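Written below as structure tokens is the structure these notes are about.
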Amino acid sequence: MSVSQRLHWCFPLILLGQLGCERLAPVPAQFRSSAEIQKLPEEMQKQVREALENYCGTPAEPKLLGALESRPETLKLGRDVYMQRCWQCHGETGDGAGPAAAQLYPRPRDYRRGIFKFTSSPYGSKPRRSDLVRTVKLGVPGTSMPSFAILSEAELAAVVDYVLVLTHRGELEFQIALEAEGADELDADAVTGLAQEIVTDWNTAESTAVNPETPKPEFTSEHVTRGQQAFLTKGCSKCHGEDGRGQTLDNLESKLVDVWGHPTRAADLTSGMLHGGREPIDIYRRIYAGINGTPMPEFKTALSAEPETIWDLVSYVLYVSGRRRSRPEQIPDAGSLVAYPRSPAGGATAAGGGD
Ligand code: HEC
Ligand code: HEC
């Protein structure tokens, strides 16, 4: 690994208090129990810990729920990569509360809810494995989630497995906490059932990719113009603002909250940093299926009578997003765009190179 590559991903960490990056953090003896579990009587906490260890293992000996064959060596490699590169933000237990987390916006993902934002699966579903691989490889541009393209394929696959261990463990823990409340004994059969449900949810998501209802057109200025109209009339501008910059009252007063309990904002679509990726299909999926855990709703139903409007919106999002950076291959010539609110003379040049 070259020094510059190393600096690339270290950079946020250096900024956040010299946490160091090449050092492998010691593997914790135990995962930390969630607040819900800590509230239970001592004896019940012990039973819950045992059940969780039985299904998901310990940091030293992790187990992947529902894995067809046990892959202890892969999971240990994944844990080592995680303890080298991820825990500073995502926490040893995957609770999103690592030492660097508090200063970050958006917050690092708390994996334990099993909810992920940038998925190719329908709203409310688990992500597909390839979504997690992609996020780790490319990072989330415009946030502190770095790109880990420097990892080998084996390390990448292994660390994703380890994220799955932490996620499944967190989901099971949450479900068990509900089951355990007010009970004297933990019902072993019930725990088995809960574990199976989690595995089923993840397996189901694998085969449910969101694919466009109509094929992607070759974007022209007409698409952008229609997209702008839809943006202003279908509710987008209520959250993202008429110019897509997200300067709405709710946003500025931090009134929006995500499912993890943190303040969130409707994206500034003009920042040039689309968190979920800037391929047309990525943007299509964000609009069609919404963004899990956030106020961004799905528009699948609202636009079911006019599915091609989604592509219009995609072309418009690409257009406003490209205004501050040059990606001529994707941005149509928007010469006929009607009364765009912020169109200084220079603004059009980013789009001007289109077609
Ligand atoms: C410097 C802090 C930082 C480090 C280091 C970091 N992450 Fe993240 N990660 C984040 C932030 C912040 C987000 C949330 C981005 C968002 O909500 O848009 C995130 C989100 C994620 C997500 C969820 C994406 C989704 O669709 O919801 C995954 C998976 C993930 N990170 C995996 C990893 C892995 C694996 C590593 C180590 C190889 C890692 N991260 C290292 C900050 C970090
Ligand atoms: C109720 C508020 C709300 C409405 C209505 C809404 N959005 Fe969003 N949108 C959000 C929030 C919040 C996010 C940021 C989610 C996150 O990553 O945390 C977002 C994110 C997005 C993203 C992803 C940006 C990225 O960084 O990848 C796109 C694209 C988007 N919205 C487009 C639209 C379009 C098009 C419409 C109308 C059809 C729309 N939104 C309507 C709240 C809203």
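Counting starts at 1 for both ligands and their atoms, following the listed order. One is the number of the first residue; the rest follow in order along the sequence. In this text the structure is predicted, and so the values were computed from the model without any measurement.
When distances to atom 8 (Fe) of ligand 1 are checked against a cut-off of 2.8 Å, Thr135 contributes no N, O or S atom below that limit. For a distance bound of 2.8 Å, the N, O or S atoms of His90 include one lying that close to atom 8 (Fe) of ligand 1.
Inspection of the Thr225 and Tyr316 side chains reveals no N or O donor paired with an N or O acceptor under 3.5 Å. For the residue pair Thr294 and Asp258, no side-chain donor N or O sits within less than 3.5 Å of a side-chain acceptor on the partner. One side chain, Ser120 or Arg128, offers a donor N or O that lies under 3.5 Å from an acceptor on the other.
Near Arg85, meaning under 4.0 Å from one of its heavy atoms, ligand 1 places the atoms 5 (C), 37 (C), 41 (C). Listed by atom number, the atoms of ligand 2 under 4.0 Å from Thr264 heavy atoms are 18 (O). Taking every non-hydrogen atom of Leu274 and a distance limit under 4.0 Å, the qualifying atoms of ligand 2 come out as 24 (C), 25 (C), 26 (O), 27 (O). Applying the 4.0 Å criterion to heavy atoms of Val140 picks out, from ligand 1, the atoms 18 (O). Here is the list of ligand 2 atoms found below 4.0 Å of a heavy atom in Ile287: 35 (C). Listed by number with element, the atoms of ligand 2 under 4.0 Å from a non-hydrogen atom of Gly235 are 5 (C). Close approach of ligand 2 to Thr294 (heavy-atom distance below 4.0 Å) involves ligand atoms 15 (C), 16 (C), 18 (O). Ligand 2 places these atoms under 4.0 Å from at least one heavy atom of Leu313: 38 (C). Residue Cys236 has at least one heavy-atom neighbour below 4.0 Å for each of these atoms of ligand 2: 34 (C), 35 (C), 36 (C), 37 (C), 38 (C), 39 (C), 41 (C). Near Ala267, the atoms of ligand 2 lying under 4.0 angstrom from a non-hydrogen atom of the residue are 13 (C), 14 (C), 19 (C), 20 (C), 24 (C).
Heavy-atom distances between Ala100 and ligand 1 stay at or above 4.0 Å for every pair.
The heavy atom nearest to atom 42 (C) of ligand 1, out of those in Met145, Arg109, Lys137, is found in Met145. Distances from atom 23 (C) of ligand 1 to the heavy atoms of Trp260, Phe116, Tyr111 show the closest one on Phe116. When the heavy atoms of Ala266, Gly276, Cys239, Gly227 are ranked by distance to atom 4 (C) of ligand 2, first place goes to Cys239. Nearest-residue assignment for atom 27 (O) of ligand 1 (options Gln88, Arg107, Lys117; heavy-atom criterion): Lys117. Among Arg278, Lys238, Met296, Lys234, the residue whose heavy atom sits closest to atom 6 (C) of ligand 2 is Met296.
Within 6.0 Å of the CD atom in Glu181, the count of heavy atoms belonging to other residues, nucleotides or ligands does not exceed 12. Counting non-hydrogen atoms of other residues, nucleotides and ligands closer than 6.0 Å to NZ of Lys216 gives a total above 12. Around atom NZ of Lys300, no more than 12 heavy atoms belonging to other residues, nucleotides or ligands sit under 6.0 Å away. Taking a 6.0 Å sphere around CD of Gln38, one finds it holds more than 12 heavy atoms contributed by other residues, nucleotides or ligands.
By the rule that hydrophobic residues join a cluster once side-chain heavy atoms approach within less than 4.5 Å of another member, Tyr288 and Ile291 end up as members of one cluster. The same ILVMFWY cluster, assembled from side-chain heavy atoms under 4.5 Å apart, contains both Val165 and Met83. Follow the hydrophobic side-chain contacts under 4.5 Å out from Trp260 and you never reach Val163; the two are in separate clusters.
Looking at Tyr105 and Arg265, their side chains come closer than 4.5 Å, going by heavy atoms from C-beta outward. Using a 4.5 Å cut-off on side-chain heavy atoms (C-beta onward), Arg49 and Ser33 make contact. Counting heavy atoms from C-beta on, the side chains of Leu52 and Phe31 never come closer than 4.5 Å.
Each of Val140, Leu138, Leu132 was compared with Phe118 under the side-chain contact (heavy atoms from CB on, under 4.5 Å) criterion, and only Val140 meets it. Between Arg245 and the options Val320, Asp268, Leu269, a side-chain contact (heavy atoms from CB on, under 4.5 Å) holds for only Asp268.
Closest protein heavy atom to atom 20 (C) of ligand 2: Ile291 CD1, 3.6 Å. The nearest protein atom to atom 28 (C) of ligand 2, hydrogens excluded, is given as Leu269 CD2, 3.7 Å; this is a heavy-atom distance. The closest protein non-hydrogen atom to atom 14 (C) of ligand 2 is Arg265 O, 3.6 Å.
For ligand 2, one of its N or O atoms has an N or O atom of His275 under 3.5 Å away. Distances between N or O atoms of Arg286 and those of ligand 2 include no value under 3.5 Å. Taking only nitrogen or oxygen atoms, main chain and side chain alike, Pro295 does not reach within less than 3.5 Å of ligand 2.
Residue contacts with ligand 1, taken as heavy atom pairs separated by less than 4.0 Å, involve Pro146 solely via side-chain atoms from C-beta onward. Heavy atoms of Phe148 found under 4.0 angstrom from ligand 1 belong exclusively to the side chain. If you look at Pro106 next to ligand 2, there are no close heavy atoms at all, none under 4.0 Å. Within the 4.0 Å heavy-atom criterion, the part of Val163 lying near ligand 1 is the side chain and not the backbone. Heavy atoms of Tyr82 found under 4.0 angstrom from ligand 1: none, in either backbone or side chain.
Distances from atom 8 (Fe) of ligand 2 to the N/O/S atoms of His240 are shortest for NE2.
A cation-pi arrangement is present between Arg113 and Phe174, with the terminal nitrogen or guanidinium carbon under 6.0 Å from the aromatic centre and inside a 45° cone about the axis.
Relative ring orientation between His168 and Trp202 is described as perpendicular, the plane-to-plane angle rising above 60° on a 0-90° scale split at 30° and 60°.
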